[in-house]
Protein chains: 2
Amino acid sequence: MSARSRELHVTAEARVRAAGQRYTSARRQLVEILDRAGSPLPLPAILGRHGDLKQSSVYRNLAALEQAGVVRRVITDEDFGRYELTEDLTGHHHHLVCSNCGAVEDVDFASGFEDTLEAQLAELAERTGFSTVSHRLDLIGLCRTCAAASA
Amino acid sequence: MSARSRELHVTAEARVRAAGQRYTSARRQLVEILDRAGSPLPLPAILGRHGDLKQSSVYRNLAALEQAGVVRRVITDEDFGRYELTEDLTGHHHHLVCSNCGAVEDVDFASGFEDTLEAQLAELAERTGFSTVSHRLDLIGLCRTCAAASA
DNA sequence: ATGAGTGCAAAGGCTTTGCATTAGG
DNA sequence: CCTAATGCAAAGCCTTTGCACTCAT
């Protein structure tokens, strides 16, 4: 296991315990799965990668991890919810969402752009009265596979 | 009725008919409701503003309008789906989403920023192999009301 | 022992769908 | 007339929940 991964679990465990819950092996595995995936995973995929843990338990554990600030549920227009590690664990990023197959890929922008974006958000917050705490920028398009298939 | 509104219905009707369906008075009313709202409306709100049209019919009509490219379903983390007119009818815009009450408000960025954003997206599309067709930038924060209440 | 986690099954809640009826072209 | 739209009720589907059992502390 990499140093980064070890670090991840230490942080995750701390948060889960701070939330008054246990860092079970099941939860550890879920964090591991999401970390390895590197992009938001739909529930069936999580279920499939965790040999033996029933669906209801997966939901409950994900809810626990979400409450502890380790996992967040990503909203998509698919049937199943997708889950990823929170940004303060993985770093700020954006999503490329395939409008055809639903695949989601993590991506980063040039840092300069991210700054410009922040500035715009601040301006917007002031103009509208919203206290902006975060943003969510998703790109919708066709992934390589679907683009090739439809060509 | 404003000239813009008349224009809107003409376009909407054309699309619905092109999709092989009728521009019913019920559908016309739905378009009217969404146009007046000026921001994505959750289903209960739509139902409430349309005196007499059963829930299943509202769903069916929204689906028809969506298929015709007049309406689009907005993804949120709320229980109910939200609906708005498509961007080519209302113009490109973004959403301010209140993380507390779920309120959604439409907003625009400075046009210069929008250009920068497009450039970044083009660069990203090239780098990742995604054919980006659109983007969706939502700001999550506290709306005026909720910010005041929690202060 | 004592509370948390798990499995199983049932319930929930939004959305969709089948079917008979009604209305629009 | 003929097809589409509507209402009503039932079904679907993801997700949540109740309850008894097991496991870890």
Side-chain angles (χ1 to χ4, degrees), chain A residues 9 12-34 40-68 70-84 102 104, chain B residues 9 12-34 40-68 70-84 102 104:
Chain A
H9 286 297
E13 172 159 16
R15 291 193 191 175
V16 170
R17 302 189 70 143
Q21 290 165 320
R22 299 174 188 164
Y23 197 55
T24 322
S25 100
R27 287 174 189 167
R28 185 191 188 82
Q29 282 182 67
L30 287 175
V31 169
E32 192 76 26
I33 288 170
L34 293 179
L41 238 42
L43 199 99
I46 298 176
L47 212 54
R49 294 176 197 208
H50 190 122
D52 34 72
L53 189 58
K54 297 314 170 201
Q55 182 168 277
S56 63
S57 293
V58 171
Y59 274 118
R60 267 193 281 236
N61 281 318
L62 287 173
L65 290 170
E66 187 172 18
Q67 194 192 326
V70 175
V71 159
R72 104 176 171 95
R73 184 175 183 166
V74 178
I75 310 301
T76 79
D77 53 0
E78 298 171 288
D79 292 338
F80 291 91
R82 282 181 180 260
Y83 296 84
E84 69 177 0
V104 180
Chain B
H9 287 296
E13 174 159 14
R15 291 193 191 177
V16 170
R17 303 189 71 145
Q21 289 165 322
R22 299 176 188 165
Y23 197 55
T24 321
S25 100
R27 289 176 187 167
R28 185 190 187 82
Q29 281 182 68
L30 288 175
V31 169
E32 191 77 25
I33 289 170
L34 293 179
L41 238 41
L43 198 99
I46 297 175
L47 213 53
R49 294 176 197 207
H50 190 123
D52 34 71
L53 189 59
K54 299 314 170 200
Q55 183 168 275
S56 64
S57 293
V58 171
Y59 273 117
R60 268 194 280 235
N61 281 319
L62 287 173
L65 290 171
E66 188 173 17
Q67 194 193 324
V70 175
V71 159
R72 102 176 173 98
R73 186 176 183 166
V74 178
I75 310 301
T76 79
D77 53 0
E78 299 172 288
D79 292 338
F80 291 91
R82 281 181 180 262
Y83 296 83
E84 69 179 359
V104 179

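Values below: every heavy atom of this structure, side chains too, minus hydrogens, waters and symmetry copies. In what follows, chains carry the letters A, B, and so on, assigned in the order in which the sequence lines appear, proteins first and then strands, with residues in each chain numbered from 1.
The CD-C1' distance, from B:Q21 to C:dG24, rounds to 15 Å in whole Å. The distance from atom CD of B:Q55 to atom C1' of D:dG7 is 12 Å, rounded to the nearest whole Å. Here the P atom of nucleotide C:dG5 and the CZ atom of A:R27 are 4 Å apart, to the nearest Å. What separates CG of A:L62 from P of C:dG5 is a distance of 13 Å, to the nearest Å. The CG atom of B:D77 sits 15 Å away from the C1' atom of C:dC14 (whole-angstrom rounding). Protein atom CG of B:D79 is 15 Å distant from nucleotide atom C1' of D:dC13, rounded to whole Å. Here D:dT16 presents its C1' atom at 13 Å from CD of A:E66, a figure rounded to the nearest Å. Atoms CD1 (A:I75) and C1' (D:dC14) sit 13 Å apart, rounded to a whole Å.
Checking the phosphate oxygens (OP1, OP2) of D:dG7, no side-chain nitrogen or oxygen of B:S56 falls inside 4.0 Å. Between A:S57 and the phosphate of C:dG5, there is no side-chain N or O to OP1/OP2 separation shorter than 4.0 Å. Between B:N61 and D:dT6 there is a side-chain polar atom (N or O) within less than 4.0 angstrom of OP1 or OP2.
To the nearest 0.5 Å, atoms CZ (B:R73) and CG (A:D77) are separated by 8.5 Å. Remark: A:L53 CG to A:N61 CG distance equals 6.0 Å, nearest 0.5 Å. Distance check: A:I46 CD1 to A:Q29 CD gives 12.5 Å after rounding to the nearest 0.5 Å. Separating the CG atom in B:L43 from the CG atom in B:D79 is a distance of 12.0 Å, to the nearest 0.5 Å.
Here salt bridge (Lys or Arg N to Asp or Glu O under 4.0 Å) pairs that include residues 23-33 of chain A, with residues two or more places apart or in two chains, are A:E32-A:R36.
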Q: Take A:Y23 and A:V31, measure what side chain to side chain contact (heavy atoms under 4.5 Å, CB included) needs, and give me the verdict at the end.
A: CA-CA 10 Å; A:Y23 197 55; A:V31 169; 3.5 Å; yes

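One cannot find a donor-acceptor pair under 3.5 Å joining the base of C:dG25 and the side-chain atoms of B:R17. Judged by distance alone, with hydrogens and angles left aside, B:R60 brings no side-chain donor or acceptor close enough to the base of C:dT16 to form a pair under 3.5 Å. In the interface, the side chain of A:R28 is not paired with the base of C:dG5 through any donor and acceptor atom under 3.5 Å apart.
Note on A:A26: only backbone sugar-phosphate atoms sit closer than 4.0 angstrom, heavy atoms only; bases stay farther off.
A donor-acceptor contact shorter than 3.5 Å links the side chain of B:R82 to the backbone of B:P40.
Applying a 4.0 Å cut-off to non-hydrogen atoms, the residues of residues 44-54 of chain A that approach DNA chain C are A:L53, A:K54, listed by residue number.
Nearer the 5' end of DNA chain C, as judged by each residue's closest nucleotide, is the contact made by B:R82, out of B:R82 and B:R22.
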